[in-house]
Amino acid sequence: MNLPDPNLANYPLLDSLLYRRSRRFGLGMKMDGPLAYQSQLQPMPLTEDEEALLVFAATGITGYALAELVYTPGKGDIMTHLPARTTASGDGAQSVIIFVINDTGTYMVRRPMDMTFDEVKTLIELTDNGQFTEAYRLMRVKLKDERSAPPLDPMYNLDCNRWSVYQPGTTYFLPVNDLSFVHINGLLNIFGPTMGAYVLDERHNFRPAGLKQFARSNGGHLNDDPEAHEISTINFIETGTAELVAYEQGMMCQNMALMAQAMGIGGFPNFAVHLFGWFQALGFNMGQMSTSEFFGKGMLVDFVAHLLKRDLPIPYPLGLELNGQTLLKAHCPPYFPTMREAVMDVVNTKFGPQGTFRSGITSSAWSDPTLISSSLPDLSEKAVEATVSYCEYIYETYGRFPATTTAYHTVLGFQAGHLDVDFYKKYYKPEALSETHREHMARWHGEQSQHS
């Protein structure tokens, strides 16, 4: 294992948990107030090796999911992909994409589904051999030759972070949640004969959300009995998807924090919620709709808001392209002609000729993957058609998919950088920094030790 500091491989997990803190004050920074301090040292960017280890902690590809499920009709087919990363992912969908932003540029780190089977195998071999920097180089795509970020204005950022975020010498890691693919996958499961869920549109008098023909009361397979537990609402199931993916993002931030502690550098998670700020900065392809349409207020509110000239347009992200190549795409128009085709893309990811449970199953943790592929039939046609009908209803009614949130979403960012140890010596008790922080420059960069 080729590490800049050999001690890192043996750093105790319990120490990472015990000493993990958000540490913000880096080289070259300035702070006002009772902790006023001007760093006497110049900003020092993280090295490629240091960034690579943080990326590995957040999103490194480590092998294949065990996925020990009951692979009979309507059960084990919830899985979408089998490669495993350093953080768990609902349905194996790997729904969070990491963007890396530093003084030299803006990069996207590709996920397993963004790469070929051979590239994924190569990445697993590289990480097994401790070649984290080589893996990082293979995974990343450069988007810009400059640092990308939304404005520091209120609501783009919290005021408490304005002094520290995006500072020269720091690296900003932005997880972006991709919701449309995993949401369709969940729908295929809950609209199957086993689950039989029935969804109502709470914004339109609780009418069936495109599912009336599939209701049991009409001879279908979805349980529309008002006293049953299978009835839900659009907002409830979409919130569930968003929260599921947000937990994945949270695990990434925690992993980076633990890695930063073990390395002896600073790092802290921070507010990154905005409907469009980050996506515009990163260069996403944006859609647009009026405020009343965006929040689903109905025709009357739409008319009044427009009449009063208070119905301002709101942009929202749809996908990311670079030099004519599509890097990310929401599972809805314009990247798919119809919602039917968006749904079928998810189906084919799993059960198409090259799908996860067909020829793609050879890349898995199972010693005999044919046991799974031969036992698991294609998805129920009833589940597929109900999902298509529901998704078409959402898009036709709300003009986007999903309805209550955007297809891509940000929650937290994580900024890392080299600490100014003298700041902590002046204002904090000795235990504020661990030995790894005081010795980082000596161990990683051959500079004078800052041990007190």
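Quantities reported herein were computed from a predicted structural model and do not represent experimental measurements.
- Residues R203 and Y398 form a side-chain contact, since some pair of their non-hydrogen atoms from C-beta on lies under 4.5 Å apart.
- When atom types are taken as modelled, the side chain of K350 and the backbone of D77 share a donor-acceptor pair closer than 3.5 angstrom.
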Inset, instruction - Might you work through the side-chain contact (heavy atoms from CB on, under 4.5 Å) test for Y172 and T170, ending with a clear yes or no? - result: CA-CA 7 Å; Y172 200 88; T170 63; 5.8 Å; no
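- Remark: aromatic rings of F56 and Y136 are distant, center separation not under 6.0 Å.
- Enclosure of atom CG in N205 is not indicated, since only 12 or fewer non-hydrogen atoms of other residues, nucleotides or ligands lie within 6.0 angstrom.
- Other residues, nucleotides and ligands contribute more than 12 heavy atoms inside 6.0 Å of the NZ atom of K144.
- No donor-acceptor distance shorter than 3.5 angstrom exists from the side chain of S22 to the backbone of F268, with no hydrogens or angles considered.
- Scored by the ring pair (Phe, Tyr, Trp, His ring centres under 6.0 Å) test, F191 finds Y390 as partners (sequence neighbours excluded).
- None of Q261, Q254, M256 except one satisfies the side chain to side chain contact (heavy atoms under 4.5 Å, CB included) rule with L258; the exception is Q254.
- Considering only heavy atoms from C-beta on, E119 stays 4.5 Å or farther from T122 through its side chain.
- C332 is listed as a side-chain neighbour of L318, based on a closest heavy-atom distance under 4.5 Å.
- Between A416 and L54, the shortest heavy-atom distance links the atoms CB-CD1, 3.8 Å.
- The one candidate from W278, F99, F284 that meets the ring pair (Phe, Tyr, Trp, His ring centres under 6.0 Å) condition with Y408 is F284.
- F336 places a side-chain heavy atom less than 4.5 Å from the side chain of K329.
- The shortest non-hydrogen separation linking S164 to M29 is O-CE, 3.8 Å.
- In this model, a donor atom of one side chain and an acceptor atom of the other lie less than 3.5 Å apart for S217 and D224.
- Between the CG atom of N348 and the CZ atom of R358 there is a distance of 11.0 Å, given to the nearest 0.5 Å.
- Rounded to the nearest 0.5 Å, atoms CG (D145) and CG (D103) are 13.0 Å apart.
- Residues F351 and F357 bring their aromatic ring centres within 6.0 Å.
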Inset, instruction - Take I184 and C391 through the side-chain contact (heavy atoms from CB on, under 4.5 Å) test and state the conclusion after the steps. - result: CA-CA 8 Å; I184 290 175; C391 291; 4.2 Å; yes
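- Side-chain contact annotation: N102 with T104, donor-acceptor N/O pair under 3.5 Å present.
- Formation of a donor-acceptor pair under 3.5 Å by the N189 side chain with backbone atoms of M195 is not found in this model.
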Legend entry - Trace of the side-chain contact (heavy atoms from CB on, under 4.5 Å) decision for T80 with V182: CA-CA 8 Å; T80 63; V182 70; over 6 Å; no
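- M263 contributes atom CE, which lies 6.5 Å from atom CG of L46 (distance to the nearest 0.5 angstrom).
- Closest heavy-atom contact between F271 and M155: CE2-O, 4.1 Å.
- Under the 3.5 Å distance criterion, the side-chain polar atoms of T127 are matched with a main-chain donor or acceptor of I124.
- The CG atom of L179 lies 10.0 Å from the CZ atom of F401; values are rounded to the nearest 0.5 Å.
- In summary, the side chains of N270 and N161 do not present any donor paired with an acceptor at a separation below 3.5 Å, with no hydrogens or angles considered.
- Separation of atoms CG (L371) and CD1 (I361) is listed at 9.0 Å; rounding is to 0.5 Å.
- Looking only at side-chain heavy atoms (C-beta outward), V199 and Y393 stay at 4.5 Å or farther from each other.
- Rounding to the nearest 0.5 Å places OG1 of T72 at 8.0 Å from CG of L376.
- Judged by distance alone, with hydrogens and angles left aside, the side-chain atoms of S148 form no donor-acceptor pair with the main-chain N or O of T106 at under 3.5 Å.
- When every heavy atom of G399 is checked against every heavy atom of M289, the shortest pair comes out as O-CE, 3.7 Å.
- S389 contributes a side-chain N or O that, together with a main-chain N or O of G210, makes up a donor-acceptor pair within less than 3.5 Å.
- Checking each of E134, M139, R137 against L126 for a side chain to side chain contact (heavy atoms under 4.5 Å, CB included) leaves exactly one that passes, namely E134.
- A pairwise comparison of heavy atoms in A272 and L412 identifies CB-C, 3.6 Å as the closest pair.
- Taking the side chain as every heavy atom from C-beta outward, L282 and M108 never approach each other to under 4.5 Å.
- Checked for salt-bridge contact, E230 and R216 miss the test: no charged N lies under 4.0 Å from a carboxylate O.
- Listed here is the closest heavy atom pair of A260 and G266: CB-O, 4.3 Å.
- In this structure a side-chain-to-backbone donor-acceptor pair under 3.5 Å is missing from E48 to T133.
- With 3.5 Å as the limit, one finds a donor-acceptor pair spanning the side chains of E248 and S89.
- For the residue pair R24 and Q415, no side-chain donor N or O sits within less than 3.5 Å of a side-chain acceptor on the partner.
- Aromatic ring orientation, F414 versus F173: tilted (interplanar angle from 30° to 60°).
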Inset, instruction - With side-chain contact (heavy atoms from CB on, under 4.5 Å) as the test, would you mind laying out the steps for L138 and R110 before giving the verdict? - result: CA-CA 9 Å; L138 179 57; R110 295 185 296 164; 4.1 Å; yes
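- Under the 3.5 Å distance criterion, the side-chain polar atoms of R20 are left unmatched by any main-chain donor or acceptor of A257.
- Within the 4.5 Å cutoff, the side chain of R140 has no heavy atoms near those of the V100 side chain.
- Under the 4.5 Å side-chain criterion, counting only non-hydrogen atoms from C-beta, F276 is in contact with Y156.
- Taking the six-membered ring wherever Trp is involved, the centroid distance between the rings of H183 and F181 does not fall below 6.0 Å.
- Inspection of the Y335 and D345 side chains reveals no N or O donor paired with an N or O acceptor under 3.5 Å.
- Between the side chain of N185 and the backbone N or O of I78, at least one donor-acceptor pair lies under 3.5 Å.
- No more than 12 heavy atoms of other residues, nucleotides or ligands lie within 6.0 Å of NZ in K30, so this atom counts as exposed by the packing criterion.
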